[in-house]
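All remarks here apply to the structure that follows.
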Amino acid sequence: MSIEKFSVEKVLSVQRWTNTLFSFTMTRPAHFKFTAGQFARIGLKVGDELVVRAYSIVSSPFDETLEFFSIVVPDGAFTSNLQHLQVGDELYLEKIPYGFLTLTRYQLPLPQDLWLLATGTGLAPFVSMLQDFDTWSKYQHIYLVYSVRTASELAYVERIQEIAQTFGEGHTGFKFVPIVTRDPQAVLHDRLPILIENGALEQAVGCQLNPATSHVMLCGNPQMVEDTKEALKARGLTMNRRGEGNIAVENYW
Ligand code: NAP
């Protein structure tokens, strides 16, 4: 890994949600431009080695700092070190962003209803997209669906409400739908593919998935992405290629 590809940045804040979930912000160099939905490659010095991982960006392209949302992977070379992050620590940031999970990839169908389906830390790119007035002006309906195991893992809920008030002021078509899969008392507790197959997700938001109008983005657990993609295809939706089609995906790890 060539160190010249990276700039050295400083950690500005760390927020811990649970024992295994945390967010952090760091300085953003002027050269680092990105589109909402893209990811950055962040490096951490572990001994003499630079260990690098991809992280979707939570903050908006207009923010002066960069924010990321992370899970602690048990025995993971990167996150087990990253979890001890403190304000003032140095991190390496690759100078260019990556990824194609962006709203600009959609040409047809024209924007109408946007379904943002996340598990766990896969929420990150969607928080970034919602901090852009363009997203709110383009779509009549926006559904943010966030699946976690337990309610304590529902990070960012207050921020999402604040973002909807600030960026989506006057917009009447936004719904935030939490799914808590390991709590049978939760309003929605089945996995996403089941909720699509049995119509419960559409019922929860009050709108039908429609190949002629829906843009559906998936981010998170790779098996969720795979299984949900199949459930959507069974409903007639297609993968977005060269601008056309409904479904766009990002595996998170
Ligand atoms: P997770 O297992 O991804 O679960 C998060 C949500 O996704 C839960 O609601 C879960 O439902 C659901 N889910 C899991 N598989 C699904 C599927 N096939 N279809 C639909 N929904 C599905 O939990 P996590 O806490 O976010 O991550 C768990 C582990 O993943 C971590 O401990 C870590 O090892 C790894 N991970 C690694 C990275 C990385 O960067 N290397 C990043 C994130 C996570 P259920 O409760 O029914 O399982």
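We use all heavy atoms of the structure for the numbers below, so side chains are in, but hydrogens, waters and symmetry mates are not. Whatever order the structure lists them in is the order used to number ligands and atoms, beginning at 1. These numbers come from a predicted model, not from an experiment.
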- Can you check whether E4's main-chain N or O pairs, donor with acceptor, with K95's side chain at less than 3.5 Å? yes

- Residue P193 vicinity, atoms of ligand 1 by number, heavy atom under 4.0 Å: 19 (N), 20 (C)

- Message: Can you check which of N221, T20, V72 brings a heavy atom nearest to atom 14 (C) of ligand 1?
- Response: N221

- Selection residues 102-131 - residue pairs positive for ring-ring contact (aromatic ring centres under 6.0 Å, His included), sequence neighbours left out: Y106-H215, W115-Y143

- Judged by modelled atom types alone, do S13 and Q15 share a side-chain donor-acceptor pair under 3.5 Å? no

- Query: Between the side chains of S60 and D132, does any donor sit under 3.5 Å from an acceptor?
  - Reply: no

- Note on the structure: Residues passing the salt bridge (charged side-chain N to carboxylate O under 4.0 Å, His left out) test with R16, sequence neighbours excluded, are none

- With a cut-off of 4.0 Å, which atoms of ligand 1 are near a heavy atom of G120? 26 (O)

- Interfacing atoms of ligand 1 (cut-off 4.0 Å, heavy-atom, R182): 45 (P), 46 (O), 48 (O)

- Which part of R149 is near ligand 1, with near meaning a heavy atom under 4.0 Å away: side chain, backbone, both or neither? both

- Query: Any donor and acceptor pair, going by atom type alone, linking the side chain of N240 with main-chain N or O of A248 inside 3.5 Å?
  - Reply: no

- Proximal ligand 1 atoms for T121, defined as those under 4.0 Å from one of its heavy atoms: 43 (C)

- Query: Atom SG of C219 and atom OH of Y146: how far apart are they, to the nearest 0.5 Å?
  - Reply: 11.5 Å

- Query: For E153 and ligand 1, does the shortest N/O to N/O distance drop below 3.5 Å?
  - Reply: no

- Task: Using a strict cut-off of 4.0 Å, indicate which atoms of ligand 1 neighbour a heavy atom of D227.
- Result: 18 (N)

- Message: Within ligand 1, which atoms have a heavy atom of T181 less than 4.0 Å away?
- Response: 8 (C), 9 (O), 10 (C), 11 (O), 45 (P), 46 (O), 47 (O)

- Quick one: which of T119, V73, V148 has a heavy atom closest to atom 33 (C) of ligand 1? V73

